[in-house]
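Notes follow once the structure below has been shown.
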Protein chains: 2
Amino acid sequence: MGRAASPRPGENQAPTMADVAERAGVSAMTVSRALKEGSRVSQATREKIMAAVNELGYVLDQSAGSLSSRKTGFVAAIVPSINNSNFADTARGITDELESTGLQLLLGYTDYTVEKEERLIEAMLRRRPEGIILTGGAHTDRARRLLESAGIPVVETWELPAKPIDQVVGFSNEEAMGLLVKTLARKGYRKFGYIGGTTSRDTRGSQRREGFVRAIEELGLPPGRLVSFGVPPISIEQGGQAVVSMLKRWPDTEAVLCVSDLSAFGALMECKRRGMRVPQDIAIAGFGDYEVAAFCHPGITTVNVDCYGIGREAARRLIQLIRGGEKQRGQEIVLTSYRIVEREST
Amino acid sequence: MGRAASPRPGENQAPTMADVAERAGVSAMTVSRALKEGSRVSQATREKIMAAVNELGYVLDQSAGSLSSRKTGFVAAIVPSINNSNFADTARGITDELESTGLQLLLGYTDYTVEKEERLIEAMLRRRPEGIILTGGAHTDRARRLLESAGIPVVETWELPAKPIDQVVGFSNEEAMGLLVKTLARKGYRKFGYIGGTTSRDTRGSQRREGFVRAIEELGLPPGRLVSFGVPPISIEQGGQAVVSMLKRWPDTEAVLCVSDLSAFGALMECKRRGMRVPQDIAIAGFGDYEVAAFCHPGITTVNVDCYGIGREAARRLIQLIRGGEKQRGQEIVLTSYRIVEREST
DNA sequence: GATCGATGTGATATCGATAACATACCTAAC
DNA sequence: GTTAGGTATGTTATCGATATCACATCGATC
């Protein structure tokens with residue numbers, strides 16, 4: 001049985017649409033229509049129904065509804081970390097863009113590993129999202145296959161993947177870091193160092209490093225000094241440790257570029273702690289334009305990325321793909337803007 | 001009709017359990033069992049089924065499953081902001097604790113308003129979560145009613161609500177701020193200032209302010225100077241602006257306490273920019289022990305809160321309540337730890 | 001006044017899984 | 001040899017909503 005045929009009042013069972021219908025003296029179908037925007041239900045009936053809804057404290061059950069309508073109203077998004085304000089901004093952009101559409105976000109984080117990404121993708125696909133937003137272009141083969149057989153639109157963000165799945169909203173991390181190098185080279189710096197994480201888990205980090213190395217080459221400068229320190233994402237603290245290691249090995253380094261503002265901030269604070277003057281003794285730059293970079297003293301030169309905009313645009317594209325159905329599934333690529341923000345640290 | 005009776009191979013329709021069953025030559029029920037841990041299916045059958053699952057790229061549809069099993073596998077959590085590393089840590093704690101249970105998190109953020117919280121609660125209840133974690137104890141009446149008729153366990157976090165709904169995992173923000181005042185008073189500071197947001201949207205902020213005022217009174221010190229600046233959460237930048245305003249009005253302020261480390265950091269940087277020595281000319285303390293407070297120079301004295309632990313414990317409690325059913329629905333309160341972290345800024 | 005279309009509402013089938021019960025087969029115990 | 005009990009699998013009903021079609025009512029048009 002499970003449930004009494006006629007639910008006693010006061011019983012602690014969440015009411016169903018049938019309960020509302022009975023109370024309002026209409027059919028369940030009419031209740032369903034009344035609760036859906038843009039359906040034609042007479043004013044009088046709608047009021048009766050709404051009264052019943054309020055009295056019972058009824059809330060629509062979307063899991064049931066999505067089964068018959070074949071639309072779950074979910075969108076999945078997977079980011080490396082939610083503790084990183086850049087990705088949190090992207091997640092916020094996605095949520096904000098979804099808000100007006102009634103779609104709900106399923107958010108997950110990978111801790112920067114494709115294995116966890118694969119597990120997350122599978123877990124999310126069990127919820128039958130109507131579309132999915134990923135960070136970056138590195139995925140396991142199985143993840144790609146799962147996405148393919150799911151048959152839902154995919155938007156990759158934050159990078160320009162070599163092998164895009166569907167659409168892309170991102171920028172070239174390589175180019176952006178290259179631009180930072182060139183900007184500083186123009187100011188006269190010649191001996192560059194780079195601080196980043198050790199493994200290649202963080203593809204954006206690797207791309208930035210490549211952009212660094214390549215730009216140095218192109219400019220014909222002395223080879224860049226690379227310090228790898230810690231598993232990505234590298235923290236403020238690790239940034240500090242890394243700059244120590246850098247200065248020990250190459251004391252004459254003129255400008256240190258960091259994979260992110262957090263490590264740059266760590267490096268900056270460590271230098272100040274050691275009595276070094278920034279930028280006179282050493283210049284420091286970061287990536288991401290975190291709030292801390294703008295307001296610390298001295299302010300940190302960095303690359304501003306439109307994190308929030310990436311989220312909004314990715315969601316906007318995804319919604320279009322969902323709404324538009326199978327047409328226009330072309331592999332479009334949307335380039336998002338970035339710009340160098342020069343501050344006192346360089 | 002909707003779907004062809006016998007799906008053509010290659011058709012872009014996600015396969016269902018029936019498709020898998022047919023291919024494996026078993027019934028759908030057996031497939032269901034094979035995909036669920038701890039069900040008895042013979043090794044041979046399981047292998048056949050798994051092969052079919054892989055060939056088809058089948059992924060279980062939980063929306064359908066949860067309808068009949070009456071368990072959605074969702075847990076909802078609502079935080080003020082995901083861009084705040086304290087709450088992001090709590091969200092991470094929740095996710096990590098849920099991971100092994102197969103429950104999935106529905107995360108939403110309120111932007112510090114109870115109105116958005118109410119809307120979020122309703123949106124989440126539509127997904128029939130098995131439990132819900134809220135931040136703080138301030139909710140609209142309708143939100144309370146919705147939660148009540150949903151009949152699911154609720155855990156409130158980060159505060160000690162006057163009128164708890166179910167269980168609570170948190171600490172007294174008032175007491176914690178009071179302790180910070182007393183710690184600094186013991187070091188000899190007497191003229192205290194407080195920087196926080198303007199409205200009372202942020203209940204934790206208000207509680208901290210009350211704790212500040214009360215502690216000053218108890219210690220018999222000169223009345224605290226209060227500067228309210230900006231809508232919560234107040235940013236690094238606003239912290240800087242607030243300290244300027246504070247010093248203009250009360251130039252002899254000895255120690256400035258801030259509602260969070262972000263505003264404290266902003267205040268600190270602004271003071272340094274103005275050539276003031278911290279803590280000699282002015283002491284600064286924050287709240288929350290954000291990473292920036294530990295690694296900036298000078299390090300910021302603050303109150304360390306076990307954000308991640310709050311998330312884990314709240315999730316742990318919620319899981320117990322979900323598993324335990326209706327029993328032990330007592331209003332328990334779990335106090336989480338906090339401690340003063342003294343650094344160079346005071 | 002008959003016909004038509006618009007509008008409001010109801011009846012029924014259905015979405016894709018699982019719960020609950022039924023059944024077939026096998027082994028062990030008497 | 002018969003029975004009890006366990007294991008593996010199948011059958012049917014069902015979860016709570018919505019799609020779809022059917023039907024009733026009403027006013028406008030000819």
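A note on names: the letters A, B, ... follow the listed sequences, proteins ahead of strands, and every chain is numbered from 1. If you're wondering where the values come from, they're calculated on a predicted model, not measured in any experiment.
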Just jot down the salt bridge (charged side-chain N to carboxylate O under 4.0 Å, His left out) partners of B:Arg201, sequence neighbours excluded, or say none. none

Phosphate-side-chain proximity, A:Thr30 and C:dG10, N/O vs OP1/OP2 below 4.0 Å: yes

Distance check needed: D:dC15 C1' versus A:Asp19 CG, whole Å only. 14 Å

Of the nucleotides C:dA17, C:dA19, D:dT9, which one has an atom closest to the side chain of B:Lys36? C:dA19

Can you tell me how far C1' of C:dA19 sits from CE of B:Met17, to the nearest Å? 13 Å

Measure from NZ on B:Lys48 to P on D:dA8 and round the result to the nearest Å. 14 Å

Looking at D:dG10, D:dA17, D:dT9, which one has an atom nearest to any side-chain atom of B:Met29? D:dG10

Return the nearest nucleotide to the side chain of A:Ser68; candidates are D:dT11, D:dG16, C:dG16. D:dG16

Return the value, rounded to whole Å, for the distance between atom CD of A:Glu47 and atom P of C:dT9. 12 Å

Residue pairs fulfilling salt bridge (charged side-chain N to carboxylate O under 4.0 Å, His left out) with at least one residue in residues 50-63 of chain B, sequence neighbours excluded: A:Arg128-B:Asp61, B:Arg23-B:Glu55

In plain terms, say whether A:Arg145 and A:Glu148 are close enough for a salt bridge, that is, a side-chain N and a carboxylate O under 4.0 Å apart. no

Of the listed C:dG16, C:dA19, D:dC15, the closest approach to the A:Arg70 side chain comes from C:dG16

When rounded to whole Å, the CD to C1' distance for the pair A:Glu130 and C:dC15 reads 15 Å

Does the side chain of B:Thr157 reach to within under 4.5 Å of the side chain of B:Val168, using non-hydrogen atoms? no

Nearest-Å distance for atom pair CD/C1', residues B:Gln43 and D:dA8: 13 Å

Which residues pass the side chain to side chain contact (heavy atoms under 4.5 Å, CB included) test with A:Lys116, sequence neighbours left out? A:Tyr109, A:Asp111, A:Thr113, A:Arg119, B:Glu99

Do any of residues 50-66 of chain A sit with a heavy atom less than 4.0 Å from DNA chain C, and if so which? none

ring-ring contact (aromatic ring centres under 6.0 Å, His included): which pairs involve residues 125-160 of chain A, sequence neighbours left out? A:Phe87-A:Trp158, A:Trp158-A:Phe171

Mapping B:Val41 and B:Ser69 onto DNA chain D by nearest heavy atom, which one lands closer to the 5' end? B:Val41

Quick one: salt bridge (charged side-chain N to carboxylate O under 4.0 Å, His left out) partners of A:Glu47, sequence neighbours excluded? none

Closest to the B:Leu67 side chain, choosing from D:dT18, D:dC15, C:dT9: D:dC15

Taking five pairs at each end, how big is the angle between the two axes of the helix from C:dG1-D:dC30 to C:dC30-D:dG1, to 10°? 50°

Using side chain to side chain contact (heavy atoms under 4.5 Å, CB included) as the criterion, list what pairs up with B:Leu120, not counting sequence neighbours. B:Ile78, B:Thr110, B:Met124

Hey, does the side-chain of B:Arg40 have a donor or acceptor N/O within less than 3.5 Å of a partner on the base of D:dG6? no

Can you tell me the distance, in whole Å, between the CZ atom of B:Arg128 and the P atom of D:dA17? 6 Å

Can a donor-acceptor pair under 3.5 Å be found between the side-chain atoms of A:Arg46 and the base atoms of C:dG8? no

Holding to side chain to side chain donor-acceptor pair (under 3.5 Å), I want the full list of residues that pass it with B:Ser68, two or more places apart in sequence or in another chain. none

CZ of A:Arg33 versus P of D:dT18: gap in Å, rounded? 10 Å

OP1, OP2 of D:dC15 versus side-chain N and O of A:Thr16: anything below 4.0 Å? no

Does the pair A:Asp141/A:Arg144 count as a salt bridge with the N-to-O cut at 4.0 Å? no

